[in-house]
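Notes to accompany the following structure.
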Number of protein chains: 2
Amino acid sequence: MRTPPKFSLSCRDCSLAELCLPRALDTEELEQLESKVKQHPVLARGALLYNLREPFHSLYVVKSGTLKTVINTASGEEQITGFFMPGEIVGFDGLDTGHTCSAVAIERTTVCGLPLAAMDDLTGAIPSLRREIFRLMSREITTDQSMLLTLARRTSEERIATFLMNLSERFRKRGFSAVQFPLAMARQDIGNYLGMAAETVSRVLTNLSDANLISVHGRVLTVLNPTSLALRVGQ
Amino acid sequence: MRTPPKFSLSCRDCSLAELCLPRALDTEELEQLESKVKQHPVLARGALLYNLREPFHSLYVVKSGTLKTVINTASGEEQITGFFMPGEIVGFDGLDTGHTCSAVAIERTTVCGLPLAAMDDLTGAIPSLRREIFRLMSREITTDQSMLLTLARRTSEERIATFLMNLSERFRKRGFSAVQFPLAMARQDIGNYLGMAAETVSRVLTNLSDANLISVHGRVLTVLNPTSLALRVGQ
DNA sequence: TTCATTCCTTGATCTAAATCAGGATTTTCG
DNA sequence: CGAAAATCCTGATTTAGATCAAGGAATGAA
């Protein structure tokens, strides 16, 4: 069996501003923001970016790799609340009373951060940045809520189809291919996130492959028939 | 059968500041905020506070009654994403590209609002208000995410127990009884929210009543054994 | 009050997906 | 590289909860 092409996505020389706040700021404001952005050491697979209950330190932008956010329950169980791909911001959960989940790298991942103090100052000084942060947080709320729609009373196939279409759309928005992208997370993690057993994830992916809607080679997913796949979402 | 006592919860003469931003603002700032808060006509049962896709107009605080937020899918199906009780803020979903859900009164409800322009000005002028809004939005993100935990791989009893404990805690925080409170929403709505059939909601409530953990009379729910009920959550 | 509507409960049946089990494949790392 | 570990796939069985069905309370309007 041929070795599947390994590929990874990254935003080289990224900055928080470039990646996440397109057109919201003018050049001077961008520079102000840039100057406050801190680089962060590379995260190995399994490394923590921040931990549950830790006080808020920074907002982070993923430059390359993938993070998952996890709620750890008392009994050691874990529930994944989100995956974060290059260009996406993670950390909004921590602004109230510290982080309510942990952020873990599921592969080698690089990020940069905007520290709290800088965020506090800049959002006061730059109205358009303030509005942009409000917008981004609002979008996170919307995203989480649409996830409720994905979980409640949906079949396993509908959940997987929704998940794949969602990934595709997010990669497209960030300038990557919407048709072929890495599926960095394990079946176990997908199942955990979507509220189903890993075995079921596997079965559904097999079914979708057999129906020629997708193909999966190693970590690389290809959408063969986006239209038909969208139908399986079945709103 | 005796008629159950009807009771409703309300925050009389409430203001956004008093209800939601305790201790964050000084007297002068409070007055600034107060002066911008707009009263809103009473909402009858079933009335819309705002509609899906409507541009953002205000943040609203519930003074009395209950609202639900609903995503309407193309096929006419609806998914409830949240319930909002007296003292809680609704509308954060609209700050990005307009409202992504509708807010509907499930009983006679009164609210007051903070218009966008006022929010924009005041969050610029008052750093502590800005931080408070960030905190409130962060909390909404956290709430939605913990809902994912409630929905994913939980039994129907665990979901209902979680839902009831959550309501109890929210009423307690707002100064109402944590032990006896109104269950304003229909079984159908609870089921929709928790991703289960209305019949199952009914069965689980019956089981919990039979086990003497709760009692339900009309719209009034009483928690008879909070400790045992908490165990049914099964983290 | 009475009637109509909506809401709630309970029972019987059916099904999607969990669980259990085993083997195959891929990845990791010394 | 090669062995160990992790991950993935597929089949058989079981079960929680959906669905179908019907009668009973509560609510609201006339």
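Small disclaimer: the values here were computed from a predicted structure and weren't measured. Within every chain, numbering begins at 1; the chains are lettered A, B, ... in the order of the sequence lines, protein sequences first and strands thereafter.
- Per the geometry, CG belonging to A/N207 stands 11 Å off P belonging to D/dC9, to the nearest Å.
- When atom types are taken as modelled, the side chain of A/N225 and the backbone of A/S228 share a donor-acceptor pair closer than 3.5 angstrom.
- An OP1 or OP2 oxygen of D/dA18 is reached within less than 4.0 angstrom by a side-chain nitrogen or oxygen of B/T200.
- In terms of modelled atom types and a separation under 3.5 Å, the side chain of A/T162 and the main chain of A/E158 share a donor-acceptor contact.
- For A/R203 and A/N207, the side-chain atoms include no donor-acceptor pair closer than 3.5 Å.
- Between B/F83 and B/Y193, the distance from one ring center to the other falls under 6.0 angstrom.
- Fit an axis to the five pairs at each end of the helix from C/dT1-D/dA30 to C/dG30-D/dC1 and the two axes sit 60° apart, to the nearest 10 degrees.
- Projected onto DNA chain D by closest heavy-atom contact, B/A198 and B/R45 fall at different nucleotides, the more 5' of which corresponds to B/A198.
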* What string of B, S and - do you get for nucleotides 11-16 of chain D, 5' to 3', if B is base contact, S is sugar-phosphate-only contact and - is no contact with any protein heavy atom under 4.0 Å? -> BB----
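- Distance CD (A/E107) to C1' (C/dT26): 16 Å, rounded to an integer number of Å.
- Across all strands shown, B/G191 has no heavy atoms under 4.0 Å from either base or sugar-phosphate atoms.
- A distance-only check finds no donor-acceptor pair linking the side chain of B/S58 to the backbone of B/G113 [under 3.5 Å].
- If you measure from atom CD of B/Q188 to atom P of C/dC8, you get 9 Å, rounded to the nearest angstrom.
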* When you look at A/L213 and A/L224, which way does the side-chain contact (heavy atoms from CB on, under 4.5 Å) test go after all the steps? -> CA-CA 5 Å; A/L213 302 186; A/L224 299 176; 5.9 Å; no
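- One finds a side-chain N or O of A/T206 lying less than 4.0 angstrom from the OP1 or OP2 phosphate oxygen of D/dT10.
- With A/T222 contributing its side chain and A/Q180 its backbone, the two residues share no donor-acceptor pair below 3.5 Å.
- Between B/I160 atom CD1 and D/dG17 atom P the separation is 11 Å, expressed in whole Å.
- B/I190 has its CD1 atom 9 Å from the P atom of C/dT9, to the nearest Å.
- Salt-bridge check for A/E77 with B/R154: passed, with a basic side-chain N closer than 4.0 Å to an acidic carboxylate O.
- A donor-acceptor contact shorter than 3.5 Å links the side chain of B/T81 to the backbone of B/T69.
- Of the residues near DNA chain C, B/M185 and A/E157, the one whose nearest nucleotide (by heavy atom distance) lies more toward the 5' end is B/M185.
- Between the CE atom of B/M196 and the C1' atom of C/dA17 there is a distance of 17 Å, given to the nearest Å.
- For an aromatic pair to be called close, the ring centres must be under 6.0 Å apart, and B/Y60 with B/H40 satisfies this.
- When rounded to the nearest whole Å, the span between NE2 of A/H217 and P of D/dC8 equals 15 Å.
- Side-chain N/O atoms of B/R187 include one lying less than 4.0 angstrom from OP1 or OP2 on C/dT9.
- The side chain of B/A197 lies closest to D/dA18, out of D/dT10, D/dA18, D/dT7.
- Separating the CG atom of B/L205 from the P atom of C/dC7 is a distance of 16 Å, rounded to the nearest angstrom.
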